[in-house]
Amino acid sequence: GWNLGFATLPAIPAYREVHSDYATFPVSVYDDGGRSPEQSISKSLEVRLANDTPLLDWTAGVYVFQERQHQFTGQFVGENVGFQQSQVYQNNRFITTTGAIFAQGTWHVNDDLRLITGLRYSKEKKSNDAFNFLVFPNTAGGSAARVDCQFSKGDCLNDRSKGEVTFNSTNWKLGAEYDLTPKNMLFATASTGFKAGGLNTNSVPGTGFNLVTTAPGLTNGVGKPIPFDPEKLLAFEVGSRNLFFDNRLQANLEGFYTKYRDHQENVQAVVATAQGNRTLGSLQNVGDATIYGADLDVVARLTENYTVRFNAEVLHTTYTKLAFVLSNVVSGFTIGFPTSAGPVARTVAVDCAGE
């Protein structure tokens, strides 16, 4: 970093590279490195200006981030599982690019009272380039309609999708701190949060890729990936920070309340297409949730050599909305939650609101 006189200017670059190769068992062999291990390369840079004055402690900065991922995953179900054979693998590439500008200030109203203001603008772009292959022999489940793939002598393209989405969000923070004494402080904050949406690795049926081909491996285009929207939250927090007995006892207490909107969940969702509704497993916005509770943290320094720590938390979480569908449901099937007839044949709609 640099000292510019009116402010300091720290710069924080980062680089991370991950190669992941693993396999799981026993129901079916899931091997991410059957042909190539998963790879991720990410780079980021954060630059901040900051200074403390009698009136205002402030910081402002810029953040940029990019991650490139290559995911090569495969699954094999042998004849010992329902007398079926199934080999599938995916070859997916993802690119995430993020940029943000932000500023936060702590305003000294007087010697005891401080006000906190903060603002952040984020822009995030995500792109997917996804392939899904069936490998001969393949006689399991949903691949029965893929006659060309059942008798294919090699890899048979089952799905192909490619797309790009961009999300923008402005988030804020407001708060106050008040010193009851030099060692006892009360605080309260309110803030918003944002988690970007994105694209799934399977395509919306009827958008360019035809699952029923006229010859092995033929397609009629590139499908649009199934999208999902951002997840947002509103959070409130109140609490107290305290030191007692010549700083030998620290006791912090806080209460919190958070509301999630458009919570992202990996579920089966009904996707509307030109050929009618289809049920596909994907990451979707299907829930709203409320979380609240309280936290107590105590640190006591009994002697120069002994410190005792104690922490307790009370937490309550509820989905105010959580609805999804299940497909290929067996007659009489129950899951302990309210269900009703689904929008597509052989599906049920599940309502987990209040759970």
Side-chain angles (χ1 to χ4, degrees), residues 46 57 59 63 100 102 104-106 112-120 122 169-197 228-267 283-324 335-338 350-355:
E46 182 173 346
D57 303 335
T59 182
Y63 175 79
F102 58 89
Q104 180 166 315
T106 300
D112 300 323
L113 178 62
R114 296 170 298 279
L115 300 180
I116 302 170
T117 57
L119 196 65
R120 179 187 180 99
S122 304
S169 181
T170 300
N171 294 288
W172 52 264
K173 179 178 183 179
L174 296 174
E177 298 176 344
Y178 183 74
D179 295 331
L180 294 173
T181 74
K183 297 184 179 181
N184 304 93
M185 185 262 285
L186 301 176
F187 69 91
T189 62
S191 60
T192 61
F194 156 81
K195 180 180 178 181
F228 57 96
D229 293 328
E231 175 182 301
K232 299 180 180 180
L233 65 82
L234 174 64
F236 300 92
E237 186 177 16
V238 295
S240 177
R241 302 283 186 259
N242 303 279
L243 290 172
F244 302 102
F245 306 118
D246 196 26
N247 299 339
R248 302 181 73 89
L249 176 65
Q250 175 180 302
N252 298 330
L253 176 66
E254 63 185 52
F256 49 88
Y257 180 91
T258 303
K259 288 190 70 70
Y260 282 91
R261 183 160 55 90
D262 295 329
H263 205 278
Q264 299 167 0
E265 300 283 358
N266 201 348
V267 298
L283 194 61
Q284 292 293 314
N285 306 94
V286 294
D288 295 337
T290 300
I291 300 174
Y292 61 85
D295 184 272
L296 173 65
D297 185 63
V298 178
V299 180
R301 188 178 184 186
L302 302 181
T303 70
E304 292 297 322
N305 299 317
Y306 292 97
T307 300
V308 176
R309 300 177 182 270
F310 174 79
N311 179 268
E313 184 173 86
V314 177
L315 185 64
H316 181 85
T317 63
T318 304
Y319 275 102
T320 52
K321 173 183 136 184
L322 178 56
F324 56 94
I335 62 171
F337 300 115
V350 182
D351 185 2
C352 294
E355 301 297 334

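Everything numeric here is computed off the predicted structure, so don't read it as measured data. Only heavy atoms go into these numbers, but all of them, side chains included; no hydrogens, no water, no symmetry mates.
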Euclidean distance, Leu233 CG relative to Arg261 CZ, rounded to 0.5 Å = 10.0 Å
Backbone N/O of Asp288 and side chain of Thr320: donor-acceptor pair under 3.5 Å = yes
Check step by step if side-chain contact (heavy atoms from CB on, under 4.5 Å) holds for Leu315 and Phe256.
-> CA-CA 9 Å; Leu315 185 64; Phe256 49 88; 3.7 Å; yes
Which heavy atom of Asn285 sits nearest a heavy atom of Asp262, and at what distance?
-> ND2-O, 2.9 Å
Distance-only, no hydrogens or angles: does the Gln104 side chain make a donor-acceptor pair with backbone N or O of Arg120 under 3.5 Å?
-> no
Between Tyr257 and Tyr292, what is the ring plane arrangement, given parallel below 30°, perpendicular above 60°, and tilted in between?
-> parallel
Could you grab the distance from atom CD1 of Ile116 to atom NZ of Lys173, nearest 0.5 Å is fine?
-> 5.5 Å
Interatomic spacing from CG in Asn252 to CG in Leu296 - rounded to 0.5 Å | 8.5 Å
Distance (rounded to the nearest 0.5 Å) between Leu243 CG and Arg248 CZ | 12.5 Å
May I ask you to decide if Lys183's main-chain N or O and Thr181's side chain share a donor-acceptor pair within less than 3.5 Å?
-> yes
Considering only heavy atoms from C-beta outward, does the side chain of Asn184 approach that of Asp179 to under 4.5 Å?
-> no
Between the CZ atom in Phe324 and the SG atom in Cys352, the distance rounded to the nearest 0.5 Å is 4.5 Å
Non-hydrogen side-chain atoms of Glu265 and Leu322 separated by less than 4.5 Å | yes
Under a 4.5 Å cut-off applied to non-hydrogen side-chain atoms, are Tyr319 and Asp351 in contact?
-> no
Provide the closest heavy-atom pair for Arg241 versus Glu254 in the form atom of the first, atom of the second, distance.
-> NH2-OE1, 3.1 Å
Are Thr303 and Asn305 linked by a side-chain donor-acceptor pair shorter than 3.5 Å?
-> no
Donor-acceptor side-chain pairing of Thr192 and Asn171 below 3.5 angstrom | yes
Shortest non-hydrogen pair, Ala176 vs Leu115, comes out as CB-CD2, 3.9 Å
Quick one: pull up OH in Tyr260 and CD1 in Ile291 and give me the separation to the nearest 0.5 Å.
-> 5.0 Å
Taking every non-hydrogen atom, the tightest pair across Ser240 and Phe187 | N-CE2, 3.5 Å
Taking atom types as modelled and ignoring hydrogens, do the side chains of Thr307 and Arg309 form a donor-acceptor contact shorter than 3.5 angstrom?
-> no
Please report the shortest heavy-atom distance between Asp229 and Gln264, naming the atom on each side.
-> O-NE2, 3.2 Å
At their closest point, which heavy atom of Leu249 faces which heavy atom of Ala300, and how far apart are they?
-> CD1-CB, 3.9 Å
